[in-house]
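Note that the numbering runs from 1 along the sequence shown for the chain. Here the structure is a predicted model, which means the values were calculated and not measured.
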Amino acid sequence: MALVQVIDKARGEGRTVLTEIESKELLKAAGIDVVDTRLAKSKEEAISISRKLGFPVVLKIASPDIVHKSDAGGVRLGLETASEVGKAYDQILPAVKRSFPEARIHGVAVQKMARPGVEVIIGMSQDAQFGPVLMFGLGGILVEVLKDVSFRIVPLSRRDAAEMLREIKGYPLLEGYRGQEAVDISCLEELLIKVSDFVEQNPEIMELDLNPIFAYSDGAVAVDARVILEAVK
Ligand code: ADP
Ligand code: MG
């Protein structure tokens, strides 16, 4: 689906929040690497998609009303077999209904379990003065607790992208740390530029969250994504 179609569909349903699947679809079309993710509307479908993708897989609740899927009991990682997928499917829906009884549920998103990497995040928000601003940081507690992030105004230059990565205190972690592999820095710079281009070309996007992205020595892939649209006036 093209961007306009995804946006029209969401707006037709009175939503500004795109689901993970919709968000990843748009990002993929913009040339940004995302984990291949498909919607299952039944347990059988979840199992057959898992077989096509190859194990291990991840199941996540697909709902425009649930922003923090793990907190809602809506994420199951590392499912190795069809029977594990079946069990996880049966557990996710009631768990989510308990925490969010009113949530609209599209189904369950099935995706491949990405191999471990260095978790980074890229976000975009609108600043009243500067317009769209990109944020970069390392995932997990480094962002949540230590607020170790850098910002630049869109559009980003190559130099902005290079500086954004190097400005964070955690930069040495990207260069390899205690035997951990260094990540491909130029690939992350490229990714920042692509995200900058994407938000510049789509002014109806109010907020964007790639959280987390797994960075590797040979690439980077977003495993979770969320786009929020401007409300129609
Ligand atoms: P939330 O809505 O809670 O942010 P996420 O989709 O980010 O849900 O999933 C929670 C965590 O699970 C992520 O931070 C990441 O560590 C892990 N995770 C999610 N998807 C995958 C995946 N496809 N492969 C490997 N790990 C994943
Ligand atoms: Mg996330």
Side-chain angles (χ1 to χ4, degrees), residues 1 6 18-100 103-122 138-141 173-174 176 179-184 187-188 191 209-227:
M1 243 197 286
V6 173
L18 302 187
T19 62
E20 178 186 1
I21 294 182
E22 292 166 334
S23 304
K24 282 177 169 172
E25 221 173 301
L26 300 187
L27 292 159
K28 189 176 171 187
I32 293 165
D33 266 342
V34 297
V35 172
D36 192 3
T37 303
R38 305 197 199 156
L39 184 68
K41 291 188 182 265
S42 68
K43 178 157 70 169
E44 292 66 36
E45 210 180 346
I47 291 171
S48 82
I49 294 170
S50 303
R51 288 204 170 104
K52 276 185 209 129
L53 293 175
F55 296 98
V57 296
V58 176
L59 257 50
K60 297 184 197 172
I61 194 70
S63 163
D65 300 316
I66 297 170
V67 170
H68 300 292
K69 298 177 288 294
S70 328
D71 294 352
V75 177
R76 302 298 303 274
L77 302 170
L79 307 168
E80 300 276 358
T81 61
S83 96
E84 281 183 29
V85 168
K87 261 190 225 143
Y89 189 96
D90 286 338
Q91 289 165 352
I92 280 185
L93 294 170
V96 168
K97 288 218 170 90
R98 269 195 300 278
S99 33
F100 289 93
R104 291 165 286 184
I105 308 290
H106 289 178
V108 168
V110 184
Q111 58 199 263
K112 250 190 108 66
M113 179 83 183
R115 68 192 149 100
V118 178
E119 290 197 20
V120 304
I121 72 174
I122 297 176
L138 293 173
I141 63 158
L173 296 172
L174 298 177
Q180 195 175 24
E181 240 179 4
V183 310
D184 184 343
C187 159
L188 286 181
L191 180 56
D209 243 315
L210 304 182
N211 183 6
I213 296 160
F214 285 6
Y216 303 115
S217 61
D218 59 349
V221 62
V223 305
D224 186 24
R226 180 161 49 103
V227 168

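Residues Ala82 and Phe55 share a closest heavy-atom pair of N-CZ, 3.5 Å. The minimum heavy-atom distance between Lys69 and Val75, with the atom names listed, is CB-CG2, 3.7 Å. The two residues Gly78 and Val58 have their closest heavy-atom pair at N-CG2, 4.3 Å. Of all the heavy atoms in Gly74 and Ile92, the pair that sits closest is O-CD1, 4.0 Å. Nearest heavy-atom pair, Ala62 versus Ala109, reported as atom, atom and distance to 0.1 Å: CB-N, 4.1 Å. The two atoms that bring Ile66 and Ala72 nearest to each other are CG2-CB, 3.8 Å, heavy atoms only.
For Gln91, the side-chain hydrogen bond (donor to acceptor under 3.5 Å, both in side chains) partners are Arg76, not counting sequence neighbours. Considering only residues two or more places apart in sequence or on other chains, Ser50 meets the side-chain hydrogen bond (donor to acceptor under 3.5 Å, both in side chains) condition with none of them. Take Ser23 and apply the side-chain hydrogen bond (donor to acceptor under 3.5 Å, both in side chains) test, not counting sequence neighbours, and it matches no residue. By the side-chain contact (heavy atoms from CB on, under 4.5 Å) test, Asp184 pairs with Ser186, Cys187, sequence neighbours left out. Here Asp65 pairs with Ser63, Ala103, Arg104 under the side-chain contact (heavy atoms from CB on, under 4.5 Å) rule; sequence neighbours left out. Considering only residues two or more places apart in sequence or on other chains, Glu45 meets the side-chain contact (heavy atoms from CB on, under 4.5 Å) condition with Ala40, Lys41, Ser42, Ile49. Scored by the side-chain contact (heavy atoms from CB on, under 4.5 Å) test, Leu27 finds Ile32, Val34, Phe198, Leu208, Leu210, Ala225 as partners (sequence neighbours excluded). Asp36 pairs by the side-chain hydrogen bond (donor to acceptor under 3.5 Å, both in side chains) definition with Arg38, not counting sequence neighbours.
Two residues are said to be in side-chain contact when any heavy atoms from C-beta on lie closer than 4.5 Å; Lys60 and Asp224 meet this criterion. Annotation: side chain of Leu26 is not in contact with side chain of Glu22 (no heavy-atom distance under 4.5 Å). When side chains are defined from C-beta on, Phe214 does not count as touching Val35, because their heavy atoms never get closer than 4.5 Å. Looking at Ile47 and Tyr89, their side chains never come closer than 4.5 Å, going by heavy atoms from C-beta outward. With a 4.5 Å cut-off on side-chain heavy atoms, Ile213 and Ile121 do not count as touching. Leu174 has its side chain within reach of Leu138: a pair of non-hydrogen atoms, C-beta onward, lies under 4.5 Å apart.
Distance check: Leu77 CG to Met113 CE gives 5.0 Å after rounding to the nearest 0.5 Å. We find the CD-CG distance between Glu119 and Leu173 to be 12.5 Å, quoted to the nearest 0.5 Å. In this structure, NZ on Lys24 lies 11.5 Å from CG on Asp33, to the nearest 0.5 angstrom.
A side chain to side chain contact (heavy atoms under 4.5 Å, CB included) with Leu188 is found for one member of Ile122, Val118, Val183 and no other, namely Val183. No option in Val67, Leu18, Thr19 other than Val67 meets the side chain to side chain contact (heavy atoms under 4.5 Å, CB included) test with Arg226.
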Report task. Report the C-alpha distance between Tyr216 and Val221 in whole Å, list the side-chain angles of each, state the deciding distance to 0.1 Å, and finish with yes or no for side chain to side chain contact (heavy atoms under 4.5 Å, CB included). Result -> CA-CA 8 Å; Tyr216 303 115; Val221 62; 3.7 Å; yes
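Screening residues 105-116 for salt bridge (charged side-chain N to carboxylate O under 4.0 Å, His left out), with sequence neighbours left out, gives Arg115-Asp218. Counting only residues at least two apart or on different chains, the salt bridge (charged side-chain N to carboxylate O under 4.0 Å, His left out) pairs with a member in residues 80-98 are Lys43-Asp90.
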